[in-house]
A.B. asks: 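Submitted below is the structure of interest, expressed as structure tokens.
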Amino acid sequence: MSGETAPGVGAGPGMAPPETGRAGERRQAILQAVRANGAASVAELAARFDVTYQTIRRDLRTLELQGLLQKGFGGAFASPGVAHHTHDERHSIQVAVKRQLVLALEEFLVPGATTFVGLGTTFDSLHEVLARHPGVLIATPNLEVAHSCALKTDATVYVYGGYVRNKDSSVLTLADDSRQRFKFDVAVIGASAIDRDGTVQEFDPMEVDLVRSILPHARQVILVAHDEKFERRAPHVVTQLADVDVLITNGDPTARFDDPSVLDHTRVIALA
């Protein structure tokens, strides 16, 4: 399309280059839409910006080449390795609620337990609970959890190797034999989104890949999610609530699902 500007240079990691003109403004808006919802279709974007499908596909290809998103069939989704929100942004959300949710993990952190802890700032205060339960082994890709538990508890801490996500404390792990190293008594996971059909979702496919490989090696799976995670959208399926043993959340989650029976096989710990 005539009048479109070539991609600029000099942007920082995870940021769109400083483009000018209508095409640059549209691509910035497309990137914001994809990151806000985890994904967006070509049809949705074409209608929103009143341009052709071909123009949107060209925009998506440009943004993909810049490493800002990933093109898929008929749309695009947030790029792996770029945090949906930075650690500091997420850390400040519902701090008191997250601390309460983590306190509810106390009954599951028995002495000597082998425990997987997933990503997310929800678990930043885990060391406060863990300090009361000696002899626990923690395996995690969460650098904040690893750091605080190693310094402030007597837990044995194992960290999965890989790339550190930009502006975050998350390790995006590489698939290797370490994923089969442990048989977990408990796997504690978070979620970016929980759909009305009970699907637990995340934005980053590398994060999903690790968690999905861990869950079959856990005797008990615990999902910890505050109420703002319900009815959100993210592109990648982690698991189904039917395969989660315990859900820890605040408030009554039953109204969040089209069919409340998705919780029939899950123990719900709902904090007031």
A.B. asks: What distance do Arg22 atom CZ and Phe49 atom CZ have between them, rounded to the nearest 0.5 Å?
C.D. replies: 12.5 Å

A.B. asks: Measure the spacing between CZ of Arg179 and NE2 of His217 and express it to the nearest 0.5 Å.
C.D. replies: 10.0 Å

A.B. asks: For the residue pair Pro205 and His236, what are the closest heavy atoms and their distance?
C.D. replies: CD-NE2, 3.5 Å

A.B. asks: Taking the side chain as C-beta and beyond, is there a heavy-atom pair between Val42 and Arg57 under 4.5 Å?
C.D. replies: yes

A.B. asks: Within a strict 4.5 Å, meaning less than it, do heavy atoms of the Val208 and Val237 side chains meet?
C.D. replies: no

A.B. asks: Quick check: is Val268 connected to Ile248 through a chain of hydrophobic side chains (ILVMFWY, heavy atoms under 4.5 Å apart)?
C.D. replies: no

A.B. asks: Is it true that a side-chain atom of Thr52 and a backbone atom of Thr55 form a donor plus acceptor pair closer than 3.5 Å?
C.D. replies: yes

A.B. asks: When you measure from the side chain of Asn142 to the backbone of Gly118, do you find a donor-acceptor pair of N or O atoms at a distance under 3.5 Å?
C.D. replies: yes

A.B. asks: At their closest point, which heavy atom of Ala225 faces which heavy atom of Phe230, and how far apart are they?
C.D. replies: O-CE1, 4.4 Å

A.B. asks: For the side chain of His133 and the backbone of Leu109, is there at least one donor-acceptor N/O pair under 3.5 Å apart?
C.D. replies: yes

A.B. asks: Would you kindly confirm whether Leu119 and Phe123 end up in one hydrophobic cluster when ILVMFWY residues are joined by side chain heavy atoms under 4.5 Å apart?
C.D. replies: no

A.B. asks: Would you say that Leu60 contacts Leu45 through its side chain, given a criterion of any heavy-atom pair below 4.5 Å between the two side chains?
C.D. replies: yes

A.B. asks: Quick one: pull up CZ in Phe257 and CG in Leu241 and give me the separation to the nearest 0.5 Å.
C.D. replies: 4.5 Å

A.B. asks: So, the side chain of Thr140 versus the backbone of Ala146: is there a donor-acceptor pair under 3.5 Å, distance only?
C.D. replies: no

A.B. asks: Does Thr115 use its side chain to pair, donor to acceptor, with the backbone of Ile138 at less than 3.5 Å?
C.D. replies: no

A.B. asks: Are more than 12 heavy atoms, taken from residues, nucleotides or ligands other than Asp259, located less than 6.0 Å from that residue's CG atom?
C.D. replies: yes

A.B. asks: Are any of the side-chain heavy atoms of Asp243 and Val221 separated by less than 4.5 Å?
C.D. replies: no

A.B. asks: Hey, can you tell me if Tyr158 and Tyr160 have their rings parallel, tilted or perpendicular (30° and 60° cut-offs)?
C.D. replies: perpendicular

A.B. asks: Rounded to the nearest 0.5 Å, how far apart are CD1 of Ile269 and CZ of Phe108?
C.D. replies: 4.0 Å

A.B. asks: Are Arg48 and Glu44 close enough for a salt bridge, meaning some N to O gap below 4.0 Å?
C.D. replies: no

A.B. asks: Any link between Val117 and Leu137 through a network of hydrophobic side chains (Ile, Leu, Val, Met, Phe, Trp, Tyr) touching at under 4.5 Å?
C.D. replies: no

A.B. asks: Would you give the length of the straight line joining atom CZ of Arg26 to atom CD1 of Ile56, rounded to the nearest 0.5 angstrom?
C.D. replies: 6.0 Å

A.B. asks: Does any N or O in the side chain of Asp185 come within less than 3.5 Å of the main-chain N or O of Thr114, such that one atom is a donor and the other an acceptor?
C.D. replies: yes

A.B. asks: Could you check if a side-chain atom of Phe116 sits within less than 4.5 angstrom of a side-chain atom of Pro141, using non-hydrogen atoms only?
C.D. replies: yes

A.B. asks: Taking Lys152 for the side chain and His127 for the main chain, is one N or O donor matched with an acceptor at less than 3.5 Å?
C.D. replies: no

A.B. asks: Rounded to the nearest 0.5 Å, what's the gap from CD on Glu207 to OG1 on Thr173? Could you check?
C.D. replies: 9.5 Å

A.B. asks: Taking the side chain from Asn250 and the backbone from Asp227, do they hold a donor-acceptor pair closer than 3.5 Å?
C.D. replies: yes

A.B. asks: Donor-acceptor pair, Gln220 side chain versus Val186 backbone, under 3.5 Å?
C.D. replies: no

A.B. asks: Grab the two heavy atoms, one from Val171 and one from Gly162, that are nearest each other, plus how far apart they are.
C.D. replies: CG1-N, 3.6 Å

A.B. asks: For residues Leu215 and Val211, determine if any side-chain heavy atom of one lies less than 4.5 Å from a side-chain heavy atom of the other.
C.D. replies: yes

A.B. asks: Counting distance only, does the side-chain N/O of Arg132 pair as donor-acceptor with the main-chain N or O of Glu128 below 3.5 Å?
C.D. replies: yes

A.B. asks: Hey, mind stepping through Gln240 and Thr199 against side chain to side chain contact (heavy atoms under 4.5 Å, CB included) and telling me if it holds?
C.D. replies: CA-CA 5 Å; Gln240 301 292 328; Thr199 304; 3.2 Å; yes

A.B. asks: Give me the atom names and distance for the closest heavy-atom approach of Val157 to Ala150.
C.D. replies: CG2-N, 3.9 Å

A.B. asks: Dump the intermediate steps for side-chain hydrogen bond (donor to acceptor under 3.5 Å, both in side chains) on Ser125 and Lys98, then the final yes or no.
C.D. replies: CA-CA 8 Å; Ser125 64; Lys98 291 176 181 177; over 6 Å; no

